[in-house]
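Structure, as structure tokens:
Numbers restart at 1 for each chain; the letters A, B, ... are given by sequence-line order, proteins then strands.
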There are 2 protein chains.
Amino acid sequence: MVTITDIAEALGITPSTVSRALAGNPRVREETRQAVLEAAERMGYERNVLASNLRRGKSDIVGIVVPRINREFFSNLISGAESILGQAGYRAIICQTHEELDTEIKALHTLRLHRVAGVFFSHCIEATDSSHVLPALGRIPLVQFDRVFRDLPGAKIVGANFEGAYEATTHLILSGYKRIGTLAGYLHTEVYSDRLRGYRKALEDNGIPYDQSLVFPDSIFRETGYASCHMAIDAGCDALYCAGDYAALGSLDALREHRISVPDDFGLVGTANEFFTELTNPSISSVGQRPYDMGREAAIAFLESREGVTVIPMELHIRQSSNRNNIWLK
Amino acid sequence: MVTITDIAEALGITPSTVSRALAGNPRVREETRQAVLEAAERMGYERNVLASNLRRGKSDIVGIVVPRINREFFSNLISGAESILGQAGYRAIICQTHEELDTEIKALHTLRLHRVAGVFFSHCIEATDSSHVLPALGRIPLVQFDRVFRDLPGAKIVGANFEGAYEATTHLILSGYKRIGTLAGYLHTEVYSDRLRGYRKALEDNGIPYDQSLVFPDSIFRETGYASCHMAIDAGCDALYCAGDYAALGSLDALREHRISVPDDFGLVGTANEFFTELTNPSISSVGQRPYDMGREAAIAFLESREGVTVIPMELHIRQSSNRNNIWLK
DNA sequence: AGAACCGATGCAAACGTTTGCATGATATTT
DNA sequence: AAATATCATGCAAACGTTTGCATCGGTTCT
């Protein structure tokens, strides 16, 4: 492997000058710089990033920690962040926690050991509070997105969950559904409690009393959504706002089993706008979070070391599962 | 940040001994080791991985380069690889190429600069040959999977594409479809040419002449699948073996537009067993590649520096789109 | 002409760890 | 008792880069 010392020897100068020339430092003669660049090219030199980072005490790698990468939301968010970070010369290490707290702590800790320049983070379901984060992460700059802990320092990028849920629920009300329940998420997590609040506010603003017995928490996977939908049906619901698309999918399973017609006799809206929501029969209405934009915003917040909360609007995509009597235009 | 030198000073010994104690080197007294471990713990020491890697001339990071991470196949493959690599103390940098050759070259090159321990690689569609890989990657150990270049060194993990396509096509023949076309992929890529060969062999083994005009190459996305399916319908096909699920999805769009009943009047089998194939109406039969196992195999091949080709069997999942008259049991 | 300055380069230390070799103290062998 | 082996530790160099300070030849100012 050819080093700057090799180049220096070949040109009869010192490594210092070579280093400066390569770094574009103005304290080196143009002529020398050209010679260095030419020699570097000719000899096939490649900077040893490890050594460089060690000396400078910083890395050009950032870590992205997400529960899963095979979710439309997270994979698009990563793409969005990469698009900005790449331009700025950063590379991303992507870590999945598989929704496990242990894995999450290990991931944060490893990133810290690698002295990454920053960490982008959306916590897992098992994490009910932020107490594990700072001990594992130390003083590495932190940008949180989607599932954020308010009490941690650093930037936070979140979807407009309250407004999104409000819009989805209002949509169900306007569609004429009368007994609207919700498959809520894990309420210790802000995204989910915000969605529940949005759901509740929409009901109350329309003169419908909020009924605790129609709230089914901890239902964000296909299986739990399926089980909770059964309970919602028993409770007399004729519509559900689901805090996750996989729960909505499970609900569809349950409704099909009960031979309940969607959207005629039951309305359904999910959250996240997963790719599959468009493909099911009936297709699933969903409130989407614009993950690509969230990723970009997160990257920008990191690059500008901006603190504070950025809220990205959500968009309701109306599909068959809530389009009763075809009253909603495309 | 506390270093081994700090620990050494605190204990009145040298950094060498501290280093050896922490590394579990037997050339250090048990008593001393305990003291070191205790001091390290107490002082909050954390190994500087950058320095360690620089000195040892190697990294504990591997790179994984894939076209996209939001594909069931790739995300599961990554999970499989991570499960093995994590145990062995490696961390993965995941890079998406978005199917672009330029991005692919940049990714390989960046990984090289970071002196990663190895690269796991599935090339993008735009790459028609391997000529860019070694120049960008240098001598970093390489493990290829799925879309591989035979002429590159290192291990290769591939699905049994020939056999999978053979099984899928045979299945369509046995279901009574008479004019079976194929939406093939990019034939300069081995996975796709293998699938075409399997398709062809299945036809010929059943006394059906191979008809070039029923082969529609370069059709692996929803849009291209849609367009090619239109052409297949015009060519009188009553079934398609698709080399990708997204193409099968596009075909479903086209068939629906033509009001052709699937599977009664048209049979469809896709490839990759994407999550959504189960959800469409009708659901899509698909040959799956067992990506999790492929990822594990790739990681094992890397750890054992094994060379050569490993073939992972594929599995046909029969769903509605080819289950004519319900003759196939679940 | 001497002082002050400037631009280009060299020197050497530093980042934190690992490791071959040397050292000195015990323990074992002959 | 001398020779040898064994053990625990220290010394110092090395990995490749960056950077504060020194140097030195040449220019500009008064």
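Counting non-hydrogen atoms under 4.0 angstrom, Arg20(B) reaches a base of the nucleic acid. Counting any heavy atom pair closer than 4.0 Å across all strands shown, Leu50(A) reaches no nucleic acid atom. Across all strands shown, Ser19(A) has heavy atoms under 4.0 Å from base atoms, whether or not it also approaches the sugar-phosphate.
Between the base of dT19(D) and the side chain of Ser16(A) there is a donor-acceptor pair shorter than 3.5 Å. Residue side chain Arg47(B) does not reach the base of dT17(C) through any donor-acceptor N/O pair under 3.5 Å, judged by distance alone. Side chain Arg29(B) to base dA8(D): no donor-acceptor pair is found below 3.5 Å.
In this entry the distance linking CD of Glu9(A) with C1' of dC11(C) reads 16 Å, nearest Å. Atom pair Glu30(A):CD and dA8(C):P shows a separation of 10 Å (rounding to whole Å applied). Distance, Leu54(A) CG to dC15(D) C1': 9 Å, rounded to whole Å. Between Arg27(B) atom CZ and dG20(C) atom C1' there is a gap of 9 Å when expressed in whole angstrom units. Put simply, CG on Asn25(B) is 14 Å from P on dG10(D), counting in whole angstrom units. Residue Arg56(B) contributes atom CZ, which lies 12 Å from atom P of dT17(C) at whole-angstrom precision. One atom, CD1 of Ile13(B), and another, P of dG10(D), lie 6 Å apart when rounded to the nearest Å. Glu46(B) has its CD atom 15 Å from the C1' atom of dT17(C), to the nearest Å.
At least one side-chain heavy atom of Glu82(B) sits less than 4.5 Å from a side-chain heavy atom of Ile94(B). Taking 4.5 Å as the limit, some side-chain heavy atom of Arg147(B) sits within range of a side-chain heavy atom of Ile125(B). Side-chain contact between Ile157(A) and Ile312(A) is present, with at least one heavy-atom pair separated by less than 4.5 Å.
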(request) Apply side-chain contact (heavy atoms from CB on, under 4.5 Å) to Glu104(A) and His98(A), showing your working. (result) CA-CA 8 Å; Glu104(A) 177 169 307; His98(A) 300 283; over 6 Å; no

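Distance alone, capped at 3.5 Å, places no donor-acceptor pair between the Thr189(B) side chain and the Val191(B) backbone.
Taking only side-chain nitrogens and oxygens, Thr14(A) comes nearer than 4.0 Å to OP1 or OP2 of dG10(C). Regarding contacts with the backbone of dT9(C), every side-chain N or O of Thr17(A) stays at 4.0 angstrom or more from both OP1 and OP2.
Along DNA chain C, the nucleotide nearest Ala23(B) and the nucleotide nearest Thr32(A) are compared for position; the residue whose nucleotide lies closer to the 5' end is Thr32(A).
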